[in-house]
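First up is the structure itself, then whatever we jot down about it.
Keep in mind the model is a prediction, meaning the values are calculated, not measured.
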Protein chains: 2
Amino acid sequence: MRTIEELTAQVRSNGGKVTAQRLLIWQALYNNRTHPTAEELYQKLKQVSPTLSLTTLYNTLNELASWGEIRRIDNGDGSIHYDPFVEPHVELVCLACHKVVDSQSKPALLSAPEEMDGFKIISHSEQYYGYCPVCRSAFNQVNK
Amino acid sequence: MRTIEELTAQVRSNGGKVTAQRLLIWQALYNNRTHPTAEELYQKLKQVSPTLSLTTLYNTLNELASWGEIRRIDNGDGSIHYDPFVEPHVELVCLACHKVVDSQSKPALLSAPEEMDGFKIISHSEQYYGYCPVCRSAFNQVNK
DNA sequence: TTACTTACTTATAATCATTATAAAATAAAA
DNA sequence: TTTTATTTTATAATGATTATAAGTAAGTAA
Ligand SMILES: [Mn+2]
Ligand SMILES: [Mn+2]
Ligand SMILES: [Zn+2]
Ligand SMILES: [Zn+2]
């Protein structure tokens, strides 16, 4: 995700308004290396700004996602997680418990081309699916 | 996704039953290179088997996903898409219209390691996010 | 400052994709 | 066959996300 200053410029250039709510949400995401859900963010932000609405949070998350500033992650646990860290990195997804973690050991190999098959490329991701240390032992039958 | 024969062996080895419904759903997914939603599959399968329930379809899709035989794709359009093609390939996701297409380009990473950060790795994916040819022109302001 | 315009936020209600439930059906083993 | 555990089905419930419409405030220009 780009800096607050750059997002401010982005919104203004689109004829938009830099509101207290947008700033609050942006700040909660900036430099955030977890993969929070909308509800998790809401619980945290309500403590600072009790009148913040879930609708505004979703609107702002959708806006950031459509700009490519954050990325949606579906890990199969029922709600969407958001990743503000869109620089190339490797993610591990557990097929059993749905945990998603950034890899500590492996850097992303890829660099994104500017264009591919007519798409203008903004970012990319590398995901590995499998069974986490906790779930491995419980799922020996599928560890063929 | 593995062959019907291999899935049959998998179910039986888990003490499960190879039912007409499982076979029907497996066949609809095998060699399917689209990214259908549960609803899209349901509409198609109902024509063959009118009493098939959505619940069974979801149960079977979740089962396949937990085995790593198919992969969930969240493109932000409100419902989950499923990809039965889990061999390494490149996908392009449009941030504006939510289209997901397989690219003809070769993936940068052809093989997954067996293990990473304690995870047993089953498959991996490479996704590029940006704006499709149709949406690019409409979104010139963000094509900075 | 002031008023003005328009984008944004909020509370509320609605939607709809997915999951839970419990009775009926059936694959597979005995 | 008979038995039994698994699966399926119809139905209802859940819960994440979105639509609505009235009120609020950011930005702009006197
Ligand atoms: Mn991440
Ligand atoms: Mn694909
Ligand atoms: Zn796990
Ligand atoms: Zn598009």
Side-chain angles (χ1 to χ4, degrees), chain A residues 4-5 7-28 35-46 48-67 70 72-82 97-98 141, chain B residues 4-5 7-26 28 35-46 48-67 70 72-82 98 141:
Chain A
I4 308 297
E5 290 69 35
L7 294 177
T8 295
Q10 163 97 47
V11 164
R12 295 234 167 94
S13 79
N14 286 351
K17 295 173 178 176
V18 177
T19 62
Q21 291 85 351
R22 276 198 174 115
L23 286 170
L24 184 74
I25 295 165
W26 292 349
Q27 276 151 6
H35 304 117
T37 63
E39 190 59 33
E40 286 165 356
L41 284 167
Y42 186 55
Q43 292 307 323
K44 180 180 158 194
L45 294 177
K46 254 201 324 195
V48 180
S49 176
T51 62
L52 177 73
S53 70
L54 248 185
T55 303
T56 293
L57 178 54
Y58 274 109
N59 287 343
T60 304
L61 290 171
N62 286 339
E63 180 177 69
L64 289 170
S66 79
W67 294 340
I70 63 178
R72 269 179 257 259
I73 299 175
D74 171 49
N75 63 359
D77 75 352
S79 41
I80 294 171
H81 295 245
Y82 296 89
C97 71
H98 306 304
Q141 72 273 14
Chain B
I4 307 298
E5 290 70 35
L7 294 176
T8 296
Q10 163 96 48
V11 164
R12 294 234 168 92
S13 78
N14 287 352
K17 297 172 178 178
V18 177
T19 61
Q21 291 85 349
R22 276 198 174 113
L23 286 169
L24 184 75
I25 295 165
W26 293 347
H35 304 118
T37 63
E39 190 60 34
E40 285 165 356
L41 284 167
Y42 186 56
Q43 292 308 323
K44 180 181 160 192
L45 295 177
K46 254 200 327 194
V48 181
S49 176
T51 63
L52 177 72
S53 70
L54 248 186
T55 302
T56 294
L57 179 54
Y58 274 109
N59 287 344
T60 304
L61 290 171
N62 286 339
E63 180 178 69
L64 289 170
S66 79
W67 294 340
I70 63 178
R72 270 180 256 258
I73 299 176
D74 171 48
N75 62 1
D77 74 352
S79 41
I80 295 170
H81 295 245
Y82 296 89
H98 307 301
Q141 72 274 14

On DNA chain D, does the nearest nucleotide to G15(B) precede the nearest nucleotide to L52(B) from the 5' side, or the other way round? Give the residue.
G15(B)
Short side-chain to backbone donor-acceptor contact, Y42(B) and Y58(B), under 3.5 Å:
no
Position toward the 5' end of DNA chain C (nearest nucleotide), E63(A) or Y42(A):
E63(A)
dT18(C) C1' sits how many Å from H81(B) NE2, rounded?
15 Å
Strictly distance-based, threshold 3.5 Å: is any side-chain N or O of R22(A) a donor or acceptor partner for the main-chain N or O of K17(A)?
yes
Return yes if some donor-acceptor pair links the side-chain N/O of S13(B) with the main-chain N/O of Q10(B) below 3.5 Å, else return no.
yes
When rounded to the nearest 0.5 Å, the distance separating CG of D74(A) from CD1 of I73(B) is 10.0 Å
Taken to the nearest whole Å, CD/Q21(A) to P/dT9(C) is 5 Å
Evaluate the side-chain contact (heavy atoms from CB on, under 4.5 Å) criterion for residues V11(A) and N14(A): first the C-alpha distance (whole Å), next the side-chain angles of each, then the deciding distance (0.1 Å), finally the verdict.
CA-CA 5 Å; V11(A) 164; N14(A) 286 351; 5.9 Å; no
Atom-to-atom span, CG of N59(B) to P of dT18(C) - whole angstrom
13 Å
N75(B) side chain vs D77(B) backbone, donor-acceptor pair below 3.5 Å
yes
For R72(A) and N62(A), run side chain to side chain donor-acceptor pair (under 3.5 Å): C-alpha distance rounded to whole Å, both residues' side-chain angles, the deciding distance at 0.1 Å, then the answer.
CA-CA 9 Å; R72(A) 269 179 257 259; N62(A) 286 339; 3.0 Å; yes
Give DNA chain C the dot-bracket treatment, 5' to 3': Watson-Crick (N1-N3 with N6-O4 or O6-N4) or G-U (N1-O2, O6-N3) under 3.5 Å, [ ] crossing, | other strand.
||||||||||||||||||||||||||||||
Shoot me the first and last contacting nucleotide of DNA chain D against chain A, ordered 5' to 3', at under 4.0 angstrom to non-hydrogen atoms.
dA16(D) to dG27(D)
Check whether H81(B) reaches the backbone of H35(B) with its side chain - one donor and one acceptor, N or O, closer than 3.5 Å.
yes
What integer distance in Å separates L64(A):CG from dC8(C):P?
13 Å
Please report, rounded to the nearest Å, how far the P atom of dT18(C) is from the CD atom of E39(B).
9 Å
When you measure from the side chain of R12(B) to the backbone of V18(B), do you find a donor-acceptor pair of N or O atoms at a distance under 3.5 Å?
no
Do L61(B) and L41(B) pass the side-chain contact (heavy atoms from CB on, under 4.5 Å) test, and can you show the C-alpha distance, the side-chain angles, and the key distance before you say yes or no?
CA-CA 10 Å; L61(B) 290 171; L41(B) 284 167; 4.1 Å; yes
Rounded to whole Å, the CG-P distance (N14(A) to dT6(C)) equals 17 Å
Under-4.0 Å side-chain N/O to phosphate OP1/OP2 contact, Y58(B) with dT19(C)
no
Could you run down the sub-3.5 Å N/O contacts of the protein with nucleotides 23-30 of chain C?
from	atom 1	to	atom 2	distance (Å)
dT26(C)	O2	K17(B)	NZ	3.4
dA27(C)	N3	K17(B)	NZ	2.9
dA28(C)	OP1	R12(B)	NE	3.0
dA28(C)	OP1	R12(B)	NH2	2.8
dA28(C)	OP1	V18(B)	N	3.1

When rounded to the nearest 0.5 angstrom, what distance separates CG in L52(B) from CG in L45(B)?
6.0 Å
Side-chain N,O (N62(B)) to OP1/OP2 (dT19(C)) below 4.0 Å:
yes
With sugar-phosphate meaning primed atoms plus P, OP1 and OP2, does T51(B) contact a base, only sugar-phosphate, or nothing at under 4.0 Å between heavy atoms?
sugar-phosphate
